[in-house]
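Report on one structure; see the data block that follows.
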Amino acid sequence: MWHTARAKRTYLALFILALSGVAGFVTPGLVSAQAGGARTGAAPPFPAPPASSPAGSLAYSCGVPPMPLEPGATPQQAIFPPGQYPVSLPAASLLGARNDLPNPYQPGVDFGELPAGRKWGSTASVTTGPDNTIWVIDRCGNSGAGGTTCGGASATINPIFQFDTSGKLLKTFGAGMFVSPHKLTVDEAGNLWVADNGSHQIFKMDPNGRVLLTLGKKGVAGPGTDEFDAPTEVAVASNGDIFVADGHTGGGLAIGNARVVKFDRNGKFLKTWGKKGMGPGEFDVPHTIAIDSRGRVFVGDRQNNRIQVFDQDGKFVAQWFQFGRPSGMYIDRRSDTLYVADSESRDGRTNTGRNALAQSGYGFNPGIRRGIRIGSARDGAVRSFIPDPCPYPYASGSSMAEGVTVDSQGNVYGADFLMDVRKFVPTRGRQTN
């Protein structure tokens, strides 16, 4: 972990320099592409986490490719010197998400005391238990998503962790249970719910990892009432009803499930709503789901760059674009404060000489700064913003938090696809909501 402000400032300076100046930033053993080409096996053009940090190897990369362009290669995009990129973000995105809100938090610090030799893999999930402990699930120390990140040799590695708010490890388990876990939810009784988009299944477990209920068919992706297609997250109502966001497949395309599936507390199918589309009640990658104090269901409709709000029967209530592109959500039901992590918004520009926008348009959300937006689940007002320290234009598909939560002291935690979990402590004397 970073323990001093000076170390944190040094890291942040290197972090920004690494992204904004890929062509000109040289680490020992690396010759930049602009200066004459790369060497095989050269160090990547971004700082590595210190040995004392639990962060994985890509945590400080901002998504910058690990190697510069090959000697003589023609860049797909122009490369500008550090600090001289000629396009900047506006005060508000084209869909109305503010980039200029106050940030009432200190810079994030790497979180979690992991077992010896273990580093964070890619993760989309961090959440708070009813006892104020912090739960995280990663991809068994690996970088990536979907597929079999917890299979093969990685099946012996625990992906689930419980910490106190200081980062002390309380518990770890889950080896061999999942194919590629996506998000973990903790219900009011302290039970864990894991959406495994690698196996197309949902698991309910007690806090020690004993499986209490399984939904879906292992290895079977489908639209049936007992099937899922890469489910992403679970939300549990106060009466025990289960809501599953189903459909990580086919973002920006016309394939894959795009729905919410509702079950009773025993796993009996009740109903489903939604289909692939852009209209009210339609979805494209429902990536995260949460329930507020009034029982309303919030769905992070990621590829449509919005949150949709429903009652528990699936009746459409509202759609909100002001929180950005939702990779992760958490609602503190004590105050109905809504925390939304935007880890993917981009417009295709990079400063790496490479393109970063998929042919399908996946991730397209122009004019927005990535980060965590904080506001009200009651009226949709956005009040504050923890910005991604990675500067615009973003180098690739994801940076900063993909999952988000908050503890009872107001500390915010972000889970990063780029192999890290960070803790953001409120600035003294400032309010978070």
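Computed from a predicted model, the values in this text were never measured in an experiment.
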TODO: Please work out which of the three classes, parallel, tilted or perpendicular, describes the rings of F310 and W273, given edges at 30° and 60°.
DONE: tilted
TODO: Assess the side chains of S399 and D388: does a donor N or O sit below 3.5 Å from an acceptor N or O?
DONE: yes
- [ ] Answer yes or no on whether R325 is positioned over the face of Y362, meaning its NZ or CZ is under 6.0 Å from the six-membered ring centre and within 45° of the axis.
- [x] yes
Open item on the list: If I compare all heavy atoms of T288 with all of P326, which pair ends up nearest, and what's the gap?
Closed with: CG2-O, 3.9 Å
- [ ] Flag the pair K315 and D313 as a salt bridge only when some basic side-chain nitrogen lies within less than 4.0 angstrom of an acidic carboxylate oxygen.
- [x] no
Open item on the list: Is a donor from one side chain sitting under 3.5 angstrom from an acceptor on the other, for S53 and D110?
Closed with: yes
Task: Side chain to side chain, L192 and T185, heavy atoms closer than 4.5 Å - done: no
Task: Nearest-0.5 Å distance that lies between atom CZ in R383 and atom OG1 in T337 - done: 7.0 Å
TODO: Would you confirm whether D164, through its side chain, and G167, through its main-chain N or O, come within 3.5 Å as a donor-acceptor pair?
DONE: yes
Open item on the list: Is it the case that the side chain of R373 and the backbone of V382 share a donor-acceptor pair, with hydrogens and angles ignored and the cut-off at 3.5 Å?
Closed with: no
Task: S408 and N132: side chain donor to acceptor below 3.5 Å - done: yes
Task: R333/D292 ion pair, N-O < 4.0 Å - done: no
Task: Short side-chain donor-acceptor distance under 3.5 Å, Y392 and N99 - done: no
Open item on the list: Does either side chain, that of Q201 or that of D196, offer a donor lying less than 3.5 Å from an acceptor on the other one?
Closed with: no
Open item on the list: Rounded at 0.5 Å granularity, tell me how far CD1 in I368 sits from CD in Q322.
Closed with: 10.5 Å
Open item on the list: Tell me the closest heavy-atom pair linking F321 and N305, and the distance in Å.
Closed with: CD2-O, 3.3 Å
Open item on the list: So, taking the atom named CG in L418 and the one named OG in S398, what distance separates them when rounded to the nearest 0.5 Å?
Closed with: 5.5 Å
- [ ] Check whether any side-chain heavy atom of I160 sits under 4.5 Å from a side-chain heavy atom of V194, and report yes or no.
- [x] yes
- [ ] Give the minimum heavy-atom separation between A78 and F80, together with the two atoms involved.
- [x] CB-CE1, 3.8 Å
Open item on the list: Checking N304 against D284: is there a side-chain donor and acceptor pair closer than 3.5 Å?
Closed with: no
Task: ring pair (Phe, Tyr, Trp, His ring centres under 6.0 Å) against Y413, all qualifying residues, sequence neighbours excluded - done: F111
Task: Sidechain-backbone polar pair: K204 side chain, L215 backbone, donor-acceptor under 3.5 Å - done: no
- [ ] Would you check if there is a donor-acceptor pair between the side chains of R370 and N365 at a distance under 3.5 Å?
- [x] no
Task: Approximate separation, where rounding is to 0.5 Å, of T232 OG1 and H182 NE2 - done: 6.0 Å
Open item on the list: So which atom in P181 and which in T149 form the shortest heavy-atom distance, rounded to 0.1 Å?
Closed with: CD-OG1, 4.5 Å
TODO: Test F298 against every option in W320, F243, F323 by the ring-ring contact (aromatic ring centres under 6.0 Å, His included) rule and name the one that passes.
DONE: W320
Task: For the student: nearest non-hydrogen atoms of M177 and V211, plus distance - done: CE-CG2, 3.6 Å
Task: Y330 side chain near I372 side chain, heavy-atom distance below 4.5 Å - done: no
- [ ] Would you mind reporting whether F424 and V406 have side-chain heavy atoms less than 4.5 Å apart?
- [x] no
Open item on the list: Can you confirm whether the side chains of D229 and T249 place a donor and an acceptor under 3.5 Å from each other?
Closed with: yes
- [ ] May I ask you to check whether S125 and T123 show a side-chain donor-acceptor distance below 3.5 Å?
- [x] no
TODO: Please confirm whether the backbone N or O of N355 pairs with a side-chain atom of Q76, one donor and one acceptor, at under 3.5 Å?
DONE: yes
TODO: Output, in order, the C-alpha distance, side-chain angles, deciding distance and verdict of side chain to side chain contact (heavy atoms under 4.5 Å, CB included) for V404 and V412.
DONE: CA-CA 7 Å; V404 62; V412 173; 3.9 Å; yes
Open item on the list: Check this for me, if you would: do E113 and K168 make a salt bridge, where the nitrogen-to-carboxylate-oxygen distance has to be below 4.0 angstrom?
Closed with: no
Open item on the list: Would you say that F364 contacts L357 through its side chain, given a criterion of any heavy-atom pair below 4.5 Å between the two side chains?
Closed with: yes
- [ ] Using a 4.5 Å cut-off on heavy atoms from C-beta on, say whether the side chain of F269 contacts that of V261.
- [x] yes
TODO: Check for a donor-acceptor pair, side chain of R306 on one end and backbone N or O of G300 on the other, with a separation under 3.5 Å.
DONE: no
- [ ] Mark yes when over 12 heavy atoms from residues, nucleotides or ligands other than K119 sit less than 6.0 Å from its NZ; otherwise mark no.
- [x] yes
Open item on the list: Donor-acceptor pair, distance only, cut-off 3.5 Å: does the side chain of R259 make one with the backbone of P223?
Closed with: yes
Open item on the list: Could you report the tightest heavy-atom contact between Y85 and T350, atom names first, then the distance?
Closed with: CE1-O, 3.8 Å
Open item on the list: Less than 4.5 Å apart, side chain to side chain, heavy atoms only: is that true for R354 and P65?
Closed with: yes
Open item on the list: Under a 3.5 Å cutoff, is there a donor and acceptor pairing between the side chains of T427 and Q106?
Closed with: no
- [ ] Examine distances only and state if a side-chain atom of D241 and a backbone atom of V236 form a donor-acceptor pair shorter than 3.5 Å.
- [x] no
Task: Side chain Q319, main chain P280, donor-acceptor under 3.5 Å - done: no
TODO: Indicate yes or no for a side-chain donor-acceptor contact from Q162 to the backbone of P207 under 3.5 Å, with no hydrogens or angles considered.
DONE: no
Open item on the list: To the closest 0.5 Å, what do you measure between CE (M419) and CG (L58)?
Closed with: 5.5 Å
Task: Within-4.5 Å side-chain heavy-atom neighbours: I331 and D336 - done: yes
Open item on the list: Once rounded to the nearest 0.5 Å, what's the spacing between atom OG of S143 and atom CH2 of W120?
Closed with: 15.0 Å
TODO: Check K183, E344, R302 against S327 for a side-chain hydrogen bond (donor to acceptor under 3.5 Å, both in side chains) and give me the one that passes.
DONE: R302
Task: Short side-chain donor-acceptor distance under 3.5 Å, N208 and D206 - done: no
